[in-house]
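Following: one structure in structure tokens, then a few remarks.
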Amino acid sequence: MVAQNVPPVDPLEAVVPTPGRRRGGAISNLLIAVVRSPKALIGAVILVIFVLMALLAPLIAPHDPTSNEFERAVGPSAQHLLGTTAYGGDVFSQMVFGSRQSLLIAFLIGAIATTISALIGVAAAYIGNLPDHIISLVTDIFLVLPGLPLLIVISSYIRSSGIMVMVLVVALTSWAYGARQFRAQGLALRNREFLEAARVRGERTWYTIVFEILPTMTGLLVANFLGAAVYGLIAVVGLQFIGLGDISTVSWGSMMRWAHNNEALQAGAPLWELAPGVCIGLLGASITLLNYAFDEVSNPALRPPRRRVRRRRSSVTAEAAS
Amino acid sequence: MIRLLRRLEFFIVTFWAAVSINFLLPRLMPGDPIQQMMNRMKGQISPAARHSLEVMLGLNTTDPLVKQYFAYWGQVFRFDFGSSITYFPDSVTHVIAIALPWTLGLVGVTTIISFLLGTFLGAAAAWRRGGILDSVLPPVFAVVGALPFFFVGLLLLFIFAVVLGWAPVGFGYDVTLGLSMSWATVGQIIAHAVLPASAIIVTSIGGWVLTMRNTMIGVLTEDYVKMARAKGLSSTRIMFQYASRNAILPNLTGFAMSMGFVISGALLVELVFSYPGVGFILVQAVTGQDYPLMQALFLLITTATLISVLIADAVTYVIDPRTRVRA
């Protein structure tokens, strides 16, 4: 039922927006898609709540997230909304402040991985020939190498470093899937007139890729950014859960790590481990919901059938009228 | 045939890349990992373990890197990865051989279950476009699929093992009873596998549902399905013998491929449940800085993935005649 209010979109326009349209148009198209799709709207609302939580953390959290001066492992109370940790920290405050690192990680990994995917994928498609073959081979290798184990191996060698190194490592091991998508879409655009025109004008390859081709791929860029952000969020949390990366910081991943090490589930402080987990799940789900709406916009085949919607709507109105 | 040969070539190149990464990583990293480790372990590491680390990392030789590299390839082909440090003096190969069956059993069975169940649900959803299944399943699974594997595991563990007490809290069998060839042991193993298995099924089934649904939607618009309808064939027959048969192709390839992820697929779930499989061992290796074990496991996981990609290709080649025409 929920899915049926997605607006009809001209399929051709959705897949490859006409190059005449500039970036602003495409972005407002996506915004309209979000507002009109209930799924995407729910996702957007949850995301906004998390952003506010991160920005206003000092105002929301009642205690200092790093302090360990409270009674140990007590249940929820007015003073400690989600109870305390086995070390005597306030779970709610840690959870609120933890959102900062997780959002930052998701955003950075999404941005870095998407940039790499887009540049590599489009370059392969646009340049073609031997460079394309080599780039595609490397992409395929990265695609097949198992992501999490590779991440674990790399990060266990550089374990003592901070969260930014972690972000880079995750981004550098997760661009391959996106690069393939960008290459596919780049191939579809290759022989369009506006690219011929750029070639004739003698524009540089990089200029053409960045300023002529990429702006036509806003939908794919956004979808890719969101996908990479979710992947990055979960990957870093997973690594922290194992004990890799920087687990001395206040973050959802390190909370879960320490909670699991202290057997919080069995030892009467389950919220210590579950609360950050719920946040990660909600944040991941909100981004996925947003992405789901974008998928339906860019791939009309996935949208619910229009004819049936109309029929049902008319029958609903008929019922309402009678 | 040419296509398969080309894939074989890709397989070899990727395998070469994986082994090379494995060889280079510890040697490229700054600092002295052994010294770091000695410091952290405060001298508790035995001289023999230290020696095996040195051998593995090539720190005991003055050989040039190229020579070490070829020696490493020799080790790879002899399955000789030295001794494990956490499980000293057991050899790495031995440690892995003990862990492997647990993972293969747990993840193998759950992969098959979630593939069968998901494919059926996906086909049913597409068959009744706009029906309850079709409008509820995709968004639900899109969201559930976004949850981290291990979080679903934690949640199940908390609800069913800690609060309700219906299932054991962890490990692959009841350690107090030990392992023996009896029905009691088999029951134990199954009881311990139920929760991790559910966690894996819940988070992985969505992919099968969505792929099957989306392909099936495409297939249902094909002329031969319309033709079958026009002939007045029963809908079950159209659904199973006409539409599903073709729509299942991408899922079958996916299935062949996911068999390769069986070994690595549930790393964190195994950690959550302390399930004594490959993932659990890998995490142990990482926390214990057992580099020989860690690297051998990475190589094993990569090889399994590669082989299954190759099998997936062969499967597509056999079941989908269209791919043969193009080659």
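Within every chain, numbering begins at 1; the chains are lettered A, B, ... in the order of the sequence lines, protein sequences first and strands thereafter. Bear in mind the structure is a predicted one, so any value in this text is a computation, not a measurement.
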Check against side-chain contact (heavy atoms from CB on, under 4.5 Å), B:Val272 and A:Phe241: CA-CA 10 Å; B:Val272 165; A:Phe241 189 62; 3.8 Å; yes
Close side-chain approach of B:Phe158 and A:Glu273, heavy atoms under 4.5 Å: no
Which atom of A:Val144 lies closest to which atom of B:Thr305, heavy atoms considered: O-CG2, 3.5 Å
Heavy-atom proximity to chain B below 4.5 Å, by part of A:Val138: neither
Heavy-atom pair with the smallest gap, counting every atom of A:His260 and B:Leu271: NE2-O, 3.9 Å
Over 12 non-hydrogen atoms of neighbours within 6.0 angstrom of CZ in B:Phe15: yes
Toward chain B, the part of A:Leu289 with a non-hydrogen atom under 4.5 Å: side chain
Region of A:Leu283 that comes under 4.5 Å of a non-hydrogen atom in chain B: neither
Neighbour count above 12 (heavy atom, 6.0 Å) for A:Arg257 CZ: yes
CD1 on A:Ile152 to CZ on B:Phe298, rounded to 0.5 Å: 10.0 Å
Check: A:Pro149 and B:Leu267 side chains under 4.5 Å, non-hydrogen atoms: yes
When A:Gly284, A:Pro276, A:Gly238 are compared by non-hydrogen pairs under 4.5 Å with chain B, the top option: A:Gly238
Within 6.0 Å of CZ in B:Phe10, more than 12 heavy atoms from elsewhere: yes
Top of A:Val278, A:Leu137, A:Leu282 for chain B proximity - count of heavy-atom pairs under 4.5 angstrom: A:Val278
Proximal component of B:Leu282, with respect to chain A [non-hydrogen, under 4.5 Å]: side chain
Atom group of B:Ile21 that falls short of 4.5 Å from chain A, counting heavy atoms: side chain
B:Thr302/A:Leu145 under side-chain contact (heavy atoms from CB on, under 4.5 Å): CA gap, chis, key distance, verdict: CA-CA 6 Å; B:Thr302 311; A:Leu145 288 181; 3.5 Å; yes
